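Remember, it's 1-based here, ligands and their atoms both numbered in the order they're listed. The residues of the chain are indexed from 1 along the displayed sequence. Computed from a predicted structure; not experimentally measured.
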Amino acid sequence: MSAGSCTETTRSTCPYCGVGCGVLVNKQQDGSVEVKGDPDHPANFGRLCSKGMALGETLDMEGRLLFPKVHGQRKSWDEALDLVANTFARTIAEHGPDSVAFYGSGQMLTEDYYVANKLMKGFMGTANIDSNSRLCMASSVAGHKIAFGSDTVPGTYEDLEQADLVVLVGSNAAWCHPVLFQRILAAKASRPSLKLVVIDPRQSASTQHADMHLQVRPDGDSALFAGLLDYLSKNNFLDQGYISAHTQDFGLALTAAKSWGAEAIEAVCGLETEELEGFYKLFARTEKVVTLYSQGVNQSSSGTAKVGAILNCHLATGRIGRVGMGPFSLTGQPNAMGGREVGALANMLAAHMSIEDESHRQTVSDFWETDRLAFETGLKAVEMFDAVASGEIKAIWIMATSPVDSMPNGDLVETALKNCEFVVTSDILGDTDTLRHAHVALPSLGWGEKSGTVTNSERRISRQRAFLSEPEEARADWWQLAQVGQRMGFEDAFSFDNPVQIFREHAALSGYQNNGERDFDISAYDDVSEGAYEALTPFQWPRTREPARNKERFFSDGGFFHKNGRARFVQIEPQTLGEATHNYAFTLNTGRIRDQWHTMTRTGKSARLSAHLGEPFAEIHPEDALALGIRHANLVEVSNGLGKILVRALITSRQSKGEVFVPMHWSDQFASNARVDRLVPPKTDGTSGQPAFKNVGVKLRPYVGALYGFVVSRKKPELIDLDYWVVSRCEGGWSAEFAHTHRPANITERLQDLFKDSAPNQSGARPELVSMVNDGSGLATHAGFQEETLLGAAFMADRPVGVSRGWARGLLGFRFHNSMSRHGVLAGLPSNGSVEPGALICSCMNVGVNQIALAIEQGASSLDQVAAATNAGTGCGSCRGDILRIIEDLQVVAAQ
Ligand code: SF4
């Protein structure tokens, strides 16, 4: 078999969003890894988005933590684990169980999560275990439990294809859950009567495909759905039979909805009567409706009420648990659902049991054979880090996440960890914004190395399988937790040797004293063999040994999990506009972009993904930018009482006036000052404890620099002492943007040194440094060559540098045979006459905005025609909304 040819295929799941796509991983003989969509996985049927397709590019060892460290020094596992176990045990003995805490992540596998929850709640005796899933979907959990009596997602992905109306609320699914969005679009293409309504303050890649976009004010959703309930009642669209047979408190909910009044609803929603009525009519007259919602609903100080308002409308029409209809919460992370199933949140117990319920506590205590079980709710994420700050929590273990970047008021979290007596981190990386405050850093396994299960948004449990060996001394998270459990004296309870033993115990607990009273039950697997676990195909829960209980959908005929079997309507009390706003001039909305995941620790390794949007940015409406003197490509300071960040201005009429959007991905590892969550106040939903990331008051100010620059280099540029810098991967090396208030005296020499240091020097040829200053534009270029290879090039000016990034980011792959081609670099211009691709739009086919624009100029006027001319949009399809926008924008320009 030749080098590079395929050697083996492993079935696994994508580690990014909650769609939970199946992947086929082909390991090549040359060590490279090819990842394709699994045609047999029911979540994606072979599709993958740009992030999933680039998984093979993210697996290198650069930056990995490969050995345990204590105070920055390499130690043996025994030394590190003994220190963790002894410190936690001593802290509990001296200060009580609630002086310790664990903070996990939706990246953890279910088996890891199960052991963490058992250790903390069952044996350390504290419910101070929470997760970054608190930041993601806690309001959905709370809403489900209030209405249904259980945290149950009633429907399946197929419902989205079988619906006649999909209502997408607070979600840019085209970018954040791309494969599911593509499934909706494919269904719409084959059945155009399927309507898509998007309810979101932003115009986005998702609204581009919508039949109706309701550009609701931030946090206007509860009002909108309260108004819908009133409309359904007034116009006789209620399912009285369902309401009386299966629910309670409808009268109270309807009275509350009516008490809003049309005027208040329009004011809080920021929508006209006609817009609201258009949607209400469509919802009312369409039987098969799915309301799909995500972070715009959950990440709010009224998130639980918003979820309740949506569930009310589905319960009132009986549109739940039947084919093509129901409310549907989309989870953000690959295993947020698995974390919920094992109860790894501060207010839950294991297996969807409730910590407040004495009989549930007894069930879990009996099953785990422990007399130390926590008996009351622990601290939720924001409270937990407040308690670290106050010294109430003295030892914390953080696994697979970086709260310094992702928590609200991130600077307070960082200070809290800096001052905490004992911080343990388990991570795959050797340096993160959180790990730098750890006393003990434990090396974990990454995707491709670890083995276990995850659950996606439709309750489907799939295997993640290892296809790479454990590097050096990195070890599984469950193993680290079990080892600490054993060393704390709980040998029997934590004598796990492999993930299948944990899965069996988890499955057995789900069925223990259950009898159908709890929704989560996978007891059919309580004796699964190692071989059967290895071969496990994706399945939806519940999965018991009684086929009649293994339903695909919940609640079509009632059967809710409150003691009386009835669902509860929620009263959505009226709000005024003032309650939903703040005192700043701008409302900041934070979120994801298409090609990056969380803090970019993996997606940031891919040059292809980094080419899509290579810098942190603030989307600003043109009139706001004009009023503030902010021009396109200027830098802008976004600030409030908690701090400030510096990002690039992206001026676009897609943004609403008075609002600004900043992505959440850039940590201190990739940018000088772009951690947007440092601006988010620790304001949470009173019930769920989920922070409000979408409605933050900020002000904007243009940044005035005296030096702006852009550099490509084989070696990673270190620009730490400049006001603004951002680094990202490009083919063959790194690119960086920078700016500063004055021109540092040695900046040219520093950049030239960088190029000299980049020289591989194997040929013995000395690096050749050349410079040029363009008198007209003031652009100064410095470049380093070694024979025909470019070592690096820096472009600097006293204003934002107008050099094409798409072209420059490809320079490290060129051969420079003659002085003409070298002159092109110095001039900052492509010299071969080809179309400069411009900003990357289609990551899969590597097509830039200029290539798409040329195709449109030459007559392409539809997605299919652009695809035929350029191949753009023919891969995962996540860019099709962007292509539509370019077509529309250019058609408007042509018409003017
Ligand atoms: Fe991964 Fe993309 Fe599928 Fe999400 S939609 S699971 S990110 S491939």
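- Atom OG1 of T453 is separated from atom OH of Y113 by 12.5 Å, given to the nearest 0.5 angstrom.
- For the atom pair CG of L609 and CD of Q596, the computed distance is 6.0 Å after rounding to the nearest 0.5 Å.
- Annotation: side chain of I310 is in contact with side chain of Y293 (closest heavy-atom distance under 4.5 Å).
- Shown in contact with G20 at under 4.0 Å from a heavy atom are these atoms of ligand 1, numbered in order with element: 6 (S).
- Annotation: protein N, O or S atoms under 2.8 Å of atom 2 (Fe) of ligand 1 (waters excluded) comprise C49 SG.
- Remark: D595 does not engage R608 in a salt bridge, criterion side-chain N to carboxylate O under 4.0 Å.
- Between T401 and the options T599, N132, D427, a side chain to side chain donor-acceptor pair (under 3.5 Å) holds for only N132.
- Ion pairing of E62 with R729 is present here, as a side-chain N (NZ or NE/NH1/NH2) and a carboxylate O approach within less than 4.0 Å.
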